[in-house]
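The next block holds one structure in the form of structure tokens; read it before the comments.
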Amino acid sequence: MKIFDSSKKKLVEFSPINPPEVRIYVCGPTVYDDAHLGHARSAIAFDLLRRTLEAMEYKVVFMKNFTDIDDKIIKKLHQTNKTLEELTNYYINRYLEDMDALGVLRPTLEPRATQNLDIMEKMISSLLEKGIAYKTPKEDIYFDTSKDSKYCSLSKKCDEEGISRIEPDPYKRNSTDFALWKSCKEKDVCFSSSLGEGRPGWHIECSAMIYKHLAYKDTPYQIDIHAGGIDLFFPHHENESAQTRTACNQELAKYWMHNGFVTISGEKMSKSLGNSFFVKDALKVYDGEVLRFYLLSTHYRSDLNFNEEDLLTSKKRLDKLYRLKKRVYGVKASQVESNFKKALLEAMGEDLNISKTLAIIDNFISLANERLDKNPKDKKFKQQIVANLEFIEKLLGIGGKDAYSYFQIGVDEELKRKIEELISKREEAKKRKDFTLADRIREELRSLGIKVMDTPQGTLWEKI
RNA sequence: GGCGCCAUAGCCAAGUGGCUAAGGCAGGAGCCUGCAAAGCUCUGAUCCCCGGUUCGAAUCCGGGUGGCGCCUCCA
């Protein structure tokens, strides 16, 4: 398995610290609003990584945090009458619902910042004792980046000269110093601790929760892979990395992986730009699986420029998979074809080369259809097709639905009855060779958003 | 100002030194069909521009042009 390590900026051979186990940490969302497509992309990208490793028989422990205390959450809190917990619980559940709809496997561990304040406090205290962190006259605690000789070795994005775009805290010793603990201000949410009244900075939660829940303790690296959006590379991951290095005398992660953005008209989708596309809104129009397929069909490190046309193209590609599945409906799986499995794992093993993977799948679909055209009753072959489809489902999280229901998404019972009625009328007309009527009924169905296909087994229909 | 990414057919998108530049969508032709749909077969690009390295480059190096990102919260 080769992966692209964003710190080394090259493809490297993946070799876990303690095989067959693989420990992965992905930076999760700050829960103050609904998930947008960028969150979905990141979640799907590393869900794919996880599934690939699992298909390669690694034992994956997958952890993703929820940042449930931060400036924006507090701001949102002031706009509502909710408590912190009510607000964050709501968005955590919303996030999980959205990710479920997208077929993202639930993480093994889902820690929340506010439930791990104890370990953050310990880590910060230890950094204070070592003289790596310092307290300002305003009782904020900062990490002194000049005390970490390897600071900036991860992202290599630090700007020593520092043309800062914001007014820096005058009590900071270095421009790259960052808050570990923010003292209690007005209109704040505060926790009491030995560090004083306040709340943790953003970066410390990841280091602390990884140390507490996921880390190997006597190895050079605490975990195998740390992942997240490329926007987190600097400063977030640089800072996490510095905290762990100085507090624990271990490097945080052996490999770092970052996913590219979802863009809209070429610009990064972000809440501050106001061009966010929420997952929940996309789900009103498109099936979650179609959305998943669309978001995973571009390599995870590239930017993906979201647009409806490409999404519909993705749907057509997924439709083909389900049409094949329909042709082998009710057949039990035998064994996945070994060459097919091998080819897919090789492709995914090239830093998740999804394009190559999908090309292999399309080729399989095409060959299977061709052979079924010639020999529709080859039961053994059908059993293998089913097994192959099941493997695809396991690897990519697509094609798991019932093949008939997939094409009926968005059709309610009433419409379904009407469709069936019209189809049987059309069948009668066809028997009488009344093709004018048959074609008129076909047009009527089309106007209902239904297309029909006459096959030797009768007339089948699909929602367009 | 610092650091970095990207540019392949109408669209999406692999390929990063060497067979005829994957795959999908759209388009065209055919088989099948009452006609369609679906499926199958066939069909398209010399890789943003200029210069260099090399026997050989989309692929490496230099210089342009265009687009984007991080350096503030951000997946």
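What you see below is based on every heavy atom in this structure, not just the backbone, and it leaves out hydrogens, waters and symmetry mates.
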Item to check | Centroid-centroid distance, A:F340 to A:F391, less than 6.0 Å | outcome: no
Checklist entry - Which one is paired to B:G56, where only Watson-Crick or G-U wobble pairs with both distances under 3.5 angstrom count? => result none
Checklist outcome for this item: From CE of A:M453 across to C1' of B:C35 the rounded distance in Å is 16 Å
Checklist outcome for this item: Here the distance between atom C1' of B:U33 and atom NZ of A:K433, to the nearest Å, is 12 Å
Next on the checklist: So, OP1 or OP2 of B:U41: does either fall under 4.0 Å of a side-chain N or O from A:S366?
Outcome noted: yes
Checklist entry - Is there a donor and acceptor pair closer than 3.5 Å between the side chain of A:N305 and the base of B:C12? => result no
Item to check | Selected nucleotide, minimal atom distance to A:R317 side chain, candidates B:A75, B:A13, B:G23 | outcome: B:G23
Checklist entry - Minimum heavy-atom separation for A:C158 to A:Y151, with atom names? => result SG-CE2, 3.9 Å
Next on the checklist: What's A:H36 touching, base or sugar-phosphate or nothing? Going by heavy atoms closer than 4.0 Å.
Outcome noted: base
Item to check | Sugar-phosphate only, base, or nothing, as touched by A:G229 at under 4.0 Å among non-hydrogen atoms | outcome: sugar-phosphate
Checklist outcome for this item: Winner on side-chain proximity to A:A359, out of B:C73, B:G15, B:A22, is B:A22
Next on the checklist: Can you tell me if A:N259 touches the phosphate of B:A75, counting only side-chain N or O atoms and a distance under 4.0 Å to OP1 or OP2?
Outcome noted: no
Checklist entry - Who passes ring-ring contact (aromatic ring centres under 6.0 Å, His included) against A:H213, sequence neighbours left out? => result none
Checklist entry - If you measure from the C1' atom in B:A14 to the same atom in B:G69, how many Å do you get, rounded? => result 23 Å
Checklist entry - With rounding to whole Å, what would you report as the distance between B:U53 and B:G62 at their C1' atoms? => result 11 Å
Next on the checklist: Looking at B:A13, I'd like to know if its phosphate oxygens (OP1 or OP2) sit under 4.0 Å from a side-chain N or O belonging to A:K356.
Outcome noted: no
Next on the checklist: Side chain of A:P235, heavy atoms from C-beta onward: which of B:A75, B:G34, B:C71 has the nearest atom to it?
Outcome noted: B:C71
Item to check | Assigned partner base of B:G51, Watson-Crick or wobble definition, under 3.5 Å | outcome: B:C61
Next on the checklist: Taking the side chain as everything from C-beta on, heavy atoms only, tell me whether A:M453 gets closer than 4.5 Å to A:R323.
Outcome noted: yes
Checklist entry - A:S302 side chain: which of B:A14, B:G39, B:G69 is closest? => result B:A14
Item to check | Rounded P spacing from B:C60 to B:C68 in Å | outcome: 24 Å
Item to check | C1' spacing across the pair B:G52 / B:G10, given as an integer number of angstrom | outcome: 34 Å
Checklist entry - Over how many whole Å does the gap from A:K320 atom NZ to B:A38 atom C1' extend? => result 11 Å
Checklist outcome for this item: side-chain hydrogen bond (donor to acceptor under 3.5 Å, both in side chains) test vs A:K356 passes for just one of A:E350, A:E346, A:H299, namely A:E350
Checklist entry - When we call it a touch if two heavy atoms are under 4.0 Å apart, what does A:V26 touch: a base, just sugar-phosphate, or nothing? => result nothing
Checklist entry - Pick the nucleotide of RNA chain B nearest each of A:K316 and A:D303; which residue has the one closer to the 5' end? => result A:K316
Next on the checklist: Between B:G28 and B:G67, how many Å separate the two C1' atoms, rounded to a whole number?
Outcome noted: 33 Å
Next on the checklist: If you only use heavy atoms from C-beta on, which nucleotide in B:A75, B:C25, B:G39 is closest to the side chain of A:R327?
Outcome noted: B:G39
Item to check | Atom P, compared across B:G17 and B:C61: separation rounded to whole Å | outcome: 11 Å
Item to check | Which nucleotide in B:G34, B:G23, B:C70 has an atom nearest any side-chain atom of A:D454 | outcome: B:G34
Checklist entry - Heavy atoms under 4.0 Å, any strand shown: does A:N369 hit a base, just sugar-phosphate, or nothing? => result sugar-phosphate
Between the protein and nucleotides 3-8 of chain B, list the N/O to N/O atom pairs that are separated by less than 3.5 angstrom.
from	atom 1	to	atom 2	distance (Å)
B:C3	O2'	A:K156	O	3.3

Checklist entry - Got more than 12 heavy atoms from elsewhere within 6.0 Å of NZ, A:K9? => result yes
Checklist entry - Between B:A26 atom P and A:D310 atom CG, what is the distance in whole Å? => result 13 Å
Checklist entry - Is it true that atom NZ of A:K418 has more than 12 heavy atoms of other residues, nucleotides or ligands lying nearer than 6.0 Å? => result no
Checklist outcome for this item: Of B:G24, B:C35, B:A75, the nucleotide closest to the side chain of A:L232 is B:A75
Checklist entry - Given side chains that start at C-beta, do those of A:Y25 and A:L252 come closer than 4.5 Å, heavy atoms only? => result no
Checklist entry - Hey, does A:T298 reach any base, or is it just sugar-phosphate, or nothing, if we go heavy atoms under 4.0 Å? => result sugar-phosphate
Checklist entry - Is there a side-chain contact between A:C27 and A:H226 (heavy atoms, below 4.5 Å)? => result yes
Item to check | Interatomic distance where CG belongs to A:L437 and C1' belongs to B:C35 [whole Å] | outcome: 14 Å
Next on the checklist: Using heavy-atom distances to pick each residue's nearest nucleotide on RNA chain B, tell me which of A:K451 and A:F233 is more 5'.
Outcome noted: A:K451
Checklist outcome for this item: Quick note, A:E309 side chain, CB onward, closest among B:G39, B:C11, B:A75 is B:C11
Checklist entry - Of all the nucleotides listed (B:G39, B:G23, B:C70), which has the minimum atom distance to the side chain of A:D231? => result B:C70
Checklist entry - Does B:U33 have a Watson-Crick or wobble partner in any strand here, with both distances under 3.5 angstrom, and which is it? => result none
Next on the checklist: So A:R426, base contact, sugar-phosphate only, or nothing? Heavy-atom distance under 4.0 Å.
Outcome noted: base
Checklist entry - Taking NZ from A:K182 and P from B:C73, how many angstroms apart are they, rounded to a whole number? => result 7 Å
Checklist entry - Considering Watson-Crick and G-U wobble pairs with both distances under 3.5 Å, what does B:G17 pair with? => result none
Checklist entry - Under the 6.0 Å and 45° cation-pi test, does A:K326 pair with A:F407? => result yes
Next on the checklist: So for atom NZ, which belongs to A:K150, do other residues, nucleotides or ligands contribute more than 12 heavy atoms lying within a distance under 6.0 Å?
Outcome noted: no
Checklist entry - When the distance from CZ of A:F234 to P of B:A75 is rounded to whole Å, what number comes out? => result 17 Å
Checklist outcome for this item: Taking a pair to mean Watson-Crick or G-U wobble geometry with both distances below 3.5 Å, B:G27 pairs with B:U43
Checklist entry - So what's B:C3 paired with, Watson-Crick or G-U wobble, going by both distances under 3.5 Å? => result B:G69
Checklist entry - If the P atom of B:G1 is compared with that of B:G64, how far apart are they to the nearest Å? => result 14 Å
Next on the checklist: How many whole angstroms separate atom CG of A:N363 from atom C1' of B:G23?
Outcome noted: 9 Å
Checklist entry - At under 4.0 Å, does any side-chain N or O of A:S297 touch on OP1 or OP2 of B:C12? => result no
Checklist entry - Roughly how far apart, to the nearest Å, are B:U41 and B:C25 at atom P? => result 12 Å
Checklist entry - Among A:Y91, A:Y90, A:Y95, which one satisfies ring pair (Phe, Tyr, Trp, His ring centres under 6.0 Å) with A:F66? => result A:Y95
Next on the checklist: Should the side chain of A:R41 and the base of B:A75 be counted as holding a donor-acceptor pair, with the cut-off at 3.5 Å?
Outcome noted: no
